[in-house]
Number of protein chains: 2
Amino acid sequence: MSATTISFVLNGGAQGKKVSEPVKQKILDYVQSIGYKPNLVARSLRTGKSRIIGMLVEDISDPFFSSIGRIIEDNLYEHGYKIFHSSTDNNPARSKDLLRIFRERQVDGYIIAPSPGIESEIQHILNDARPVILFDRFFPGLDTTNVIINNAGGTYDGTMHLIMNGFVSIAFITIDSEQVQMMDRLKGYKLAMTENELPSLIQKIKYVEYKTAPGKIAVRIKEFLTSNDSVDAILFATNYLAICGLQAIRELGLRIPYDIGVVGFDDNTHFSLFTPTITAVAQPVEEMSKKVIEQLMLCMTDENTRTMNETIVLPTKLMIRESSLSTVALTMKKQI
Amino acid sequence: MSATTISFVLNGGAQGKKVSEPVKQKILDYVQSIGYKPNLVARSLRTGKSRIIGMLVEDISDPFFSSIGRIIEDNLYEHGYKIFHSSTDNNPARSKDLLRIFRERQVDGYIIAPSPGIESEIQHILNDARPVILFDRFFPGLDTTNVIINNAGGTYDGTMHLIMNGFVSIAFITIDSEQVQMMDRLKGYKLAMTENELPSLIQKIKYVEYKTAPGKIAVRIKEFLTSNDSVDAILFATNYLAICGLQAIRELGLRIPYDIGVVGFDDNTHFSLFTPTITAVAQPVEEMSKKVIEQLMLCMTDENTRTMNETIVLPTKLMIRESSLSTVALTMKKQI
DNA sequence: CTGAAAGCGCTTACAG
DNA sequence: CTGAAAGCGCTTACAG
């Protein structure tokens, strides 16, 4: 029996080639009996397809990225793909290295939440007409398909919500990142403040510091609050900042929302269990993952879509809880 | 110039083969100029080594597994390995499928937090003398290298701590899993209760239910607490159960630790921000990851260690916070 | 020190 | 309907 026939049987036969039933059955039985497992490495070398997708995120241990990672993994699995998951720590050198490794391993497509400074590497991928989807952030100068959330809308909503609840000295605590998602979050906050003729008060934590223990960042936030004691509410630009900020607020003995109102960006399962519960701008994790897969699969099948510049913007949802409500603050006041 | 010479230059030359400096330099320059990138798929096919490790966990979006995943990814990267990360949902069929895929892709080694029912698949890997490390749980009948924590010790400590703080009707809320890590947690609890002549009270949540939304599990826990109103403390067997349990306790309007003491198993960053702060048995995530890598690398280099039965047991650490302290309960009592 | 050649395990045009 | 043969891009014994 020839390799050709066997290959046709196992792979369902190429272009109308048929194998007779008896032969087919015999091969199937034999394959079963010896427990044959195809060598996918050899197949990849021959076909040029690896059926592996390379995925780059900032940090796979971040709940946002690990939830998305999980959903994408499940979806790709359905499509017969496996995934290489790597964390860049937002470091350009590491990102480049990982992208090189992905390429050397012949991944079929890329899903990337890009670090700064890797525009030209992404451009290389586009030049090779390989499928690539950026998500969470993107480079406005590149013709990629991007799946993001409405960051400015999210912070705008959060800020407006605080304003409507009577807070007037609202600080925005963020990181010193020039990346588009962070810039947009800043924009939304500023817009709401300006529209209401309130002065903006922005505190940026250095990214190197941001990558350290929560305690250290809490120290920075405490310093900020101590030297700006008129602040009556804070909008945190990331989930991690909110956690560190809550620690700072606790250590300073401030009462939420009576002494200080709080809104976080990026919701998490625990915010509804804090006392008081914490208001947050939720990101549509599920929809985002689905859109990423949908767009990637489109690029995989239709070569023309690969360098088509498109940015899909998904809405955020403000999860209103106690930490930002004037009524809750009022009740607390009465109790004191 | 022959492929042999080029290969020697790029891979540092095999077994004492030397390439003259001028030739070497010329090749290096040329390779640089055309931007040559090796095809690692071809190399894998030829050498039989993929430099890929397959990792199977229950759920990569679980903070415990994603933290370990991150550390292991970083460590393997240092060693020149990449990782396939997959979630099994503790489902045997899915686990088997993923293991088959790993094999077809010729992974060099396996890191597995096994689901039930895959003993024979793991045995196959051992028979092939492939490096495999089990962690978090293991199969007592197999000659694998296992890295686990002292589960029984952890729950014993947690239970003893509650008893020493005056709690007498301590319930253990767990899942209906027969896996070794869960059985050991149960054992530690029972031992502490028996030693102190206290009656055990165990509530098992069905695994299918466990995989649903926190709200549904909270309902189960509320039912349990309502029909067992003498319970004065709970030890939760997993992090997720603790979160759901805290929701249940909140919804019932019970005050921690005055009405009910709480200890969780598996610490998380947020427990120190809850009101009151939550006591938990912390797992040594960093050490565990390092041990896994260390043992895997040992198996990779030394074939003899691959089927050596060894179980490395790491200690847990009780993080004592407010939710379990009699002094805190006392203070609350005075305030009421 | 350098090169010609075989072979890893597949797939697939081509011939019969 | 079936088979012989080439080739994917490497590595590595072997010969010179």
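What you see below is based on every heavy atom in this structure, not just the backbone, and it leaves out hydrogens, waters and symmetry mates. In what follows, chains carry the letters A, B, and so on, assigned in the order in which the sequence lines appear, proteins first and then strands, with residues in each chain numbered from 1.
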Checklist entry - Between A:Ser7 and C:dT11, does any side-chain N or O lie under 4.0 Å from OP1 or OP2? => result yes

Checklist entry - To the nearest Å, how far apart are A:Arg51 CZ and C:dC10 C1'? => result 16 Å

Item to check | Short side-chain donor-acceptor distance under 3.5 Å, B:Ser95 and B:Ser115 | outcome: yes

Checklist entry - Under the side chain to side chain donor-acceptor pair (under 3.5 Å) criterion, do B:Thr5 and B:Lys24 qualify, and how do the steps go? => result CA-CA 9 Å; B:Thr5 314; B:Lys24 195 168 168 178; over 6 Å; no

Item to check | Close side-chain approach of B:Val147 and B:Leu134, heavy atoms under 4.5 Å | outcome: no

Item to check | A:Thr47, nearest nucleotide to its side chain (from C:dT11, D:dG9, C:dG9) | outcome: C:dT11

Item to check | Rounded distance in Å - CZ (B:Arg43) to P (D:dT12) | outcome: 9 Å

Checklist entry - Roughly how many Å is it from NZ in B:Lys49 to C1' in C:dC8, rounded to a whole number? => result 13 Å

Next on the checklist: Could you check whether atom CZ of B:Arg94 has more than 12 heavy atoms from other residues, nucleotides or ligands sitting under 6.0 Å from it?
Outcome noted: yes

Checklist entry - Atom CZ of B:Arg105 to atom P of C:dC10: distance rounded to whole Å? => result 14 Å

Checklist entry - So what does A:Thr4 touch, heavy atoms closer than 4.0 Å: a base, only the sugar-phosphate, or nothing? => result base

Checklist entry - How long is the line joining CD of B:Glu104 and C1' of C:dG9, in whole Å? => result 13 Å

Next on the checklist: Go through it in stages, so that I can follow the logic: the residues are A:Lys82 and A:Ser50, the test is side chain to side chain donor-acceptor pair (under 3.5 Å), and I'd like the CA-CA distance, side-chain angles, deciding distance and then a yes or no.
Outcome noted: CA-CA 9 Å; A:Lys82 276 221 64 61; A:Ser50 62; over 6 Å; no

Next on the checklist: Given C:dC10, C:dA6, D:dT2, identify the nucleotide with an atom nearest to the side chain of A:Thr5.
Outcome noted: D:dT2

Checklist outcome for this item: To the nearest angstrom, the OH-C1' distance between B:Tyr36 and D:dG9 comes to 7 Å

Checklist outcome for this item: From CZ of B:Arg46 across to P of C:dG9 the rounded distance in Å is 10 Å

Checklist entry - What's the closest nucleotide to the A:Val23 side chain, out of C:dT2, D:dT2, C:dT11? => result D:dT2

Item to check | Nucleotide C:dC8, atom P - distance to CG of A:Leu40 in whole Å | outcome: 18 Å

Item to check | salt bridge (Lys or Arg N to Asp or Glu O under 4.0 Å) between B:Glu287 and B:Lys291, intermediate numbers included | outcome: CA-CA 6 Å; B:Glu287 279 165 79; B:Lys291 274 286 169 209; over 6 Å; no

Checklist entry - Dot-bracket for DNA chain C, 5' to 3', counting Watson-Crick or G-U wobble pairs under 3.5 Å, with [ ] for crossing pairs and | for inter-strand pairs? => result |||.||||||||.|||

Checklist entry - Mind checking whether A:Phe84 and A:Phe102 have parallel, tilted or perpendicular rings, split at 30° and 60°? => result parallel

